[in-house]
Amino acid sequence: MLNVPTLWTVFVVNFLALGLIWAYVTRSYPKFAAARFWMASSFVGAAGAMTALVRLFVASPLPLLVGAAGIIAASCLAAMGIQRFYDRPVSWRVMAATGVLSLAGVVFFMVGFEHMQLRMLSYTLGQALPLVLALRLLLAPPEGRVSPGARLSGIVILTIIGIFAVRTLGNLLGHDFSARAGGQAHGVMVLGLLFLSMTLNFGFLLMAMDRLRNEVADLALLDDLTGVANRRHLLQRLSEECARSERSGEPFSLLVIDLDGFKAINDSHGHAAGDACLRHFTLMAQTRLRPGDMLARTGGDEFCVVLPSSSLREAAAIARRVLEVCRQDAAACTTRDIPIAISIGVAEWDRGIGQFPDRLIAHADHALYDAKKNGKNDFAVYDPAPPLSPERPGLGEATRKFA
């Protein structure tokens, strides 16, 4: 036989434990705002359940009202945590209105007009509506990828809503599933909701772990100074593009960019000014790239740009645009500004490169060297065919064809 007071006591203890876990997560990761809402949800839910226990020993309806308010508030806070997790604005007004209206219905159908079925319906709507509003974010997140934790949380919320629906339907059909009636049916529902509430918080923990793991993975693939991809990310992307081109035969291109005279900037103006130049260049270059192009910093003042599905002529046009924006910016510099000049080498993938991105990088480096040799602040393209005679265009001639 299920003892309802014992189940509610277990409910309180478990929610206190979950609150302590979320408090630890909040302290360890202070920027993870969703954890604060889930911590508050656990503690408020525990307080509501603890207050609701008092109603078993006190004839006053006040403990029941306070307990109902705590459980409804816990549901609202859990939903707000989901909104905050997905960087959505927290619906304070919507949640407050839902809680107030639900509690007002409970009070009215308890004190003003005694009606158990409608009172339970008001209470159920206050618990279910916030979770329903947050359900779409779990099952159809903005980034399009549903994490295992979000999927688990969504399934649990759907199950909780199903139990609420069964309880409401049963009450409307004349069966008393309220806490006041007690009985095994109510005990089974309390046990099921206890298990599901713990599982829901476990889903939230999985969501948090997945988010933190992705952030660590992103940090491993991003340059900490400029925020663009680093060398590791570049090599991964180049390997993927090489494999794709070898399967499809469709070429892609690579730009290798070097800031001219960068050492002199560091020596004359300091490393802080040099870092500012690197950040400024990345912002300028990104304005001339297309969606899908990837800018990466490979070290020092060297950058690469991966241009998917781009021929050598298209890559040369993009190199010209990047070069032109730097020239325009340098021309607009005042005496306090530091002009930025760049040299660019352009190379295209071919069958000879295969799945070896270092060969493509070497080709683009060769073109970059030619651009430096021709006076810097310019770009050059790699000509894979060696000159057969003095009349055959060399690398410099190939460069002029695209200029």
Side-chain angles (χ1 to χ4, degrees), residues 220-263 278 281-282 284-286 288-290 292-323 326 340-374 376-387 394-396 398-399 401-402:
L221 297 176
L222 295 178
D223 176 57
D224 56 353
L225 176 63
T226 60
V228 299
N230 60 15
R231 184 175 182 84
R232 176 186 296 179
H233 196 182
L234 171 72
L235 293 177
Q236 288 182 2
R237 179 68 178 274
L238 284 176
S239 297
E240 294 170 0
E241 293 294 336
C242 286
R244 185 179 297 112
S245 292
E246 193 165 44
R247 290 193 305 268
S248 65
E250 182 181 30
F252 74 98
S253 297
L254 176 71
L255 308 184
V256 173
I257 305 173
D258 185 78
L259 272 63
D260 298 329
F262 185 72
K263 184 178 184 303
L278 293 174
F281 165 73
T282 59
M284 287 192 299
Q286 286 172 326
R288 295 301 184 266
L289 300 180
R290 308 162 303 180
D293 297 341
M294 190 184 80
L295 175 65
R297 182 186 177 208
T298 55
D301 60 336
E302 298 175 355
F303 293 83
C304 286
V305 181
V306 181
L307 304 172
S309 304
S310 299
S311 65
L312 194 62
R313 184 172 296 276
E314 292 169 332
I318 294 174
R320 186 184 298 110
R321 293 205 300 263
V322 174
L323 185 65
C326 291
I340 297 175
I342 61 172
S343 296
I344 306 176
V346 187
E348 180 186 45
W349 178 91
D350 57 34
R351 289 290 183 183
I353 293 173
Q355 296 193 28
F356 300 96
D358 55 323
R359 297 178 182 175
L360 180 60
I361 296 174
H363 290 175
D365 277 335
H366 189 190
L368 174 66
Y369 175 76
D370 188 72
K372 294 277 190 181
K373 187 173 62 175
N374 289 341
K376 301 183 180 180
N377 199 21
D378 203 351
F379 78 94
V381 299
Y382 177 76
D383 184 1
L395 189 57
T399 302
K401 289 196 296 183
F402 290 100

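The figures here come from the full heavy-atom set of this structure, side chains too, leaving out hydrogens, waters and symmetry mates.
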Requested in this report: Could you tell me whether the side chain of Val256 reaches within less than 4.5 Å of the side chain of Thr298, counting heavy atoms only?
Outcome: no
Query raised in the report: Between Arg359 (side chain) and Gly352 (backbone), is there a donor-acceptor pair under 3.5 Å?
Result: yes
**Report entry** Thr282/Leu225 under side-chain contact (heavy atoms from CB on, under 4.5 Å): CA gap, chis, key distance, verdict
**Finding:** CA-CA 10 Å; Thr282 59; Leu225 176 63; over 6 Å; no
Query - Heavy-atom side-chain contact between Cys242 and Phe356 under 4.5 Å - result: no
**Report entry** Under 3.5 Å donor-acceptor, Ser310 side chain and Pro308 backbone
**Finding:** yes
**Report entry** Over all atoms of both residues, closest heavy-atom pair of Glu314 and Ser309
**Finding:** OE1-O, 3.6 Å
Query raised in the report: Do Trp349 and Glu246 come within less than 4.5 Å of each other through their side chains, counting heavy atoms only?
Result: yes
Query raised in the report: Nearest heavy-atom pair of Arg237 and Gly292: which atoms, and what distance?
Result: NH2-O, 2.9 Å
Report task. Kindly determine whether Leu323 and Asn377 satisfy side-chain contact (heavy atoms from CB on, under 4.5 Å), including the steps that lead there. Result -> CA-CA 8 Å; Leu323 185 65; Asn377 199 21; 3.8 Å; yes
Query raised in the report: Which atoms form the tightest heavy-atom contact between Tyr382 and Leu312, and what is the distance?
Result: O-CD2, 4.0 Å
Report task. Flag the pair Ile353 / His363 as yes when at least one side-chain heavy-atom distance between them is below 4.5 Å, and no otherwise. Result -> yes
Report task. Identify whether the distance between the nearest side-chain nitrogen and carboxylate oxygen of Asp260 and Lys372 falls below 4.0 Å. Result -> yes
Query raised in the report: Can you find a heavy atom in the side chain of Arg321 that is under 4.5 Å from one in the side chain of Ile318?
Result: yes
Report task. Look up atom CG in Leu289 and atom CG in Leu255, then write down how far apart they are to the nearest 0.5 Å. Result -> 8.0 Å
Report task. Please say which of Ile344, Leu234, Leu278, Asp223 ends up in a side-chain contact (heavy atoms from CB on, under 4.5 Å) with Phe303. Result -> Leu278
Query - Over all atoms of both residues, closest heavy-atom pair of Leu222 and Gly227 - result: CD2-O, 3.8 Å
Query raised in the report: Do Met284 and Ile340 come close enough that some side-chain heavy atom pair is under 4.5 Å?
Result: yes
Query raised in the report: Is it true that a side-chain atom of Arg297 and a backbone atom of Gly300 form a donor plus acceptor pair closer than 3.5 Å?
Result: yes
Query raised in the report: Does Leu238 reach the side chain of Phe252, with side-chain heavy atoms less than 4.5 Å apart?
Result: yes
Query raised in the report: Roughly how far, to the nearest 0.5 Å, is CD1 of Ile342 from CG of Asp258?
Result: 9.5 Å
Query - Test: Glu240 and Arg244 ion pair at under 4.0 Å - result: no
Requested in this report: Inspect the surroundings of CZ in Arg290 and state if more than 12 heavy atoms from other residues, nucleotides or ligands are less than 6.0 Å away.
Outcome: yes
Requested in this report: Give the minimum heavy-atom separation between Ala319 and Val346, together with the two atoms involved.
Outcome: CB-CG2, 3.9 Å
Report summary line: Only residue of Asp293, Leu295, Val322, Val305 satisfying side-chain contact (heavy atoms from CB on, under 4.5 Å) with Gln286 is Leu295
Query raised in the report: Do the non-hydrogen side-chain atoms of Leu368 and Glu302 ever get within less than 4.5 Å of each other?
Result: no
Query - Heavy-atom pair of closest approach, residues Ser253 and Ser311 - result: OG-O, 3.3 Å
